[in-house]
2 protein chains.
Amino acid sequence: MDDILKLDAETYKELMKRYMETRDEQSLYEVEQASKSFIQNNILPDEIVNMHIQALEELYPSLSEDIQYSMNFLLEAMIAYGIAHQEYQTLREKQS
Amino acid sequence: MDDILKLDAETYKELMKRYMETRDEQSLYEVEQASKSFIQNNILPDEIVNMHIQALEELYPSLSEDIQYSMNFLLEAMIAYGIAHQEYQTLREKQS
């Protein structure tokens, strides 16, 4: 994993941890802001789902197998969106 | 919810149900294919996460509160990607 992705995965996990403790709107707002910076760092939507799976496994080591499998399923559903997002980045670069 | 989104949510749930029962590669391949058709139907990545939450709640009514909250967090993280995806659709339409 490259450095930016690793840093973003850490940020994601910390924000999620805080949200799970507080369950407040402020933490949700923070992830919305972080999400914009993930996009600027060229993090793809399927990588977000991957960071989510990692964070879940680290914060909830006893996560049920069903949930783990369901998250793999979501990851697979998001891969085509990752490819579309890469095309979007390319189109934007051409425009600028 | 419009008709296409409703139909896609049903497809997503059925594919996930099958995958959770079989846990085989074939079902993962099917969601990968379905995912391409979701994109063609202008379904946004955050709507995929929403369909995932709905499917989880329907297939696992006793889903823990922690998992429900964590999925809301992921949904929030995906909203900026939804906006980016809409821009991508607009850019592509301009090109065609």
Side-chain angles (χ1 to χ4, degrees), chain A residues 12 15-23 25 27-40 43-49 51-53 55-56 59-60 63-67 69-92 94-95, chain B residues 12 15-23 25 27-40 43-49 51-53 55-56 59-60 63-67 69-92 94-95:
Chain A
Y12 188 93
L15 285 174
M16 182 158 121
K17 187 164 175 252
R18 199 184 319 159
Y19 175 63
M20 299 306 281
E21 285 163 1
T22 63
R23 295 183 178 180
E25 287 297 317
S27 313
L28 277 190
Y29 174 73
E30 281 168 9
V31 68
E32 193 198 318
Q33 295 305 307
S35 177
K36 290 174 190 166
S37 94
F38 296 156
I39 289 181
Q40 281 165 355
I43 306 292
L44 302 173
D46 46 323
E47 288 171 332
I48 298 286
V49 174
M51 296 195 306
H52 187 81
I53 294 172
L56 267 184
L59 299 175
Y60 302 94
L63 199 65
S64 82
E65 233 190 8
D66 276 345
I67 297 301
Y69 273 91
S70 83
M71 293 307 297
N72 287 347
F73 185 82
L74 175 61
L75 181 59
E76 203 70 28
M78 205 53 79
I79 286 173
Y81 284 87
I83 295 166
H85 193 86
Q86 277 179 314
E87 284 174 15
Y88 162 69
Q89 288 170 325
T90 310
L91 286 174
R92 280 199 64 168
K94 273 189 194 162
Q95 284 208 326
Chain B
Y12 188 93
L15 285 174
M16 183 159 121
K17 186 164 176 252
R18 199 183 319 159
Y19 175 63
M20 299 306 280
E21 284 162 2
T22 63
R23 295 183 178 179
E25 288 296 317
S27 311
L28 276 190
Y29 175 74
E30 281 168 9
V31 67
E32 193 197 318
Q33 296 306 306
S35 176
K36 290 174 189 165
S37 94
F38 296 157
I39 289 181
Q40 281 165 354
I43 307 293
L44 302 173
D46 47 323
E47 288 171 331
I48 298 286
V49 174
M51 295 195 306
H52 187 81
I53 295 172
L56 268 184
L59 298 175
Y60 302 94
L63 199 66
S64 81
E65 231 190 8
D66 276 345
I67 297 300
Y69 273 90
S70 83
M71 293 307 299
N72 287 347
F73 185 82
L74 175 61
L75 182 60
E76 202 70 27
M78 205 54 77
I79 286 173
Y81 285 87
I83 295 165
H85 192 85
Q86 276 179 315
E87 284 174 15
Y88 163 68
Q89 288 171 325
T90 310
L91 287 174
R92 279 199 63 167
K94 273 189 194 163
Q95 284 207 327

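All chains are named by letter (A, B, ...) in the order of the sequence lines, taking the proteins before the strands, and each is independently numbered beginning at 1.
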Residues in salt bridge (charged side-chain N to carboxylate O under 4.0 Å, His left out) contact with B:Glu47, at least two apart in sequence or another chain:
none
Count the heavy atoms of every other residue, nucleotide or ligand shown that sit under 6.0 Å from CD of B:Glu25, and state whether that count exceeds 12.
no
Part of B:Phe73 lying under 4.5 Å from any heavy atom of chain A
both
Heavy-atom nearest pair, B:Leu44 first then A:Tyr81, reads C-CE2, 4.0 Å
Do you know which of A:His85, A:Met16, A:Lys36 has the most heavy-atom pairs under 4.5 Å to chain B?
A:Met16
Name all residues meeting the side chain to side chain donor-acceptor pair (under 3.5 Å) criterion together with A:Arg23; count only those two or more places apart in sequence or in a different chain, and write none if there are none.
B:Glu65, B:Asp66
Engaged part of B:Ile53 at the chain A interface, taking heavy atoms whose separation is under 4.5 Å:
neither
If one checks every heavy atom of B:Tyr60 against chain A at 4.5 Å, the contacting part turns out to be side chain
Please classify the contact between B:Leu59 and chain A as side chain, backbone, both or neither, with a heavy-atom cut-off of under 4.5 Å.
neither
Side chain to side chain, B:Leu56 and A:Ile67, heavy atoms closer than 4.5 Å
yes
Checking heavy atoms, do the side chain of B:Gln33, its backbone, both or neither come under 4.5 Å from chain A?
neither
Which bit of A:Ser64 is near chain B, if near means a heavy-atom gap under 4.5 Å: side chain, backbone, both or neither?
neither
Greatest number of heavy atom pairs closer than 4.5 Å to chain A - which of B:Glu87, B:Met51, B:Arg92
B:Glu87
Using a 4.5 Å cut-off on heavy atoms from C-beta on, say whether the side chain of B:Leu91 contacts that of A:Lys94.
no
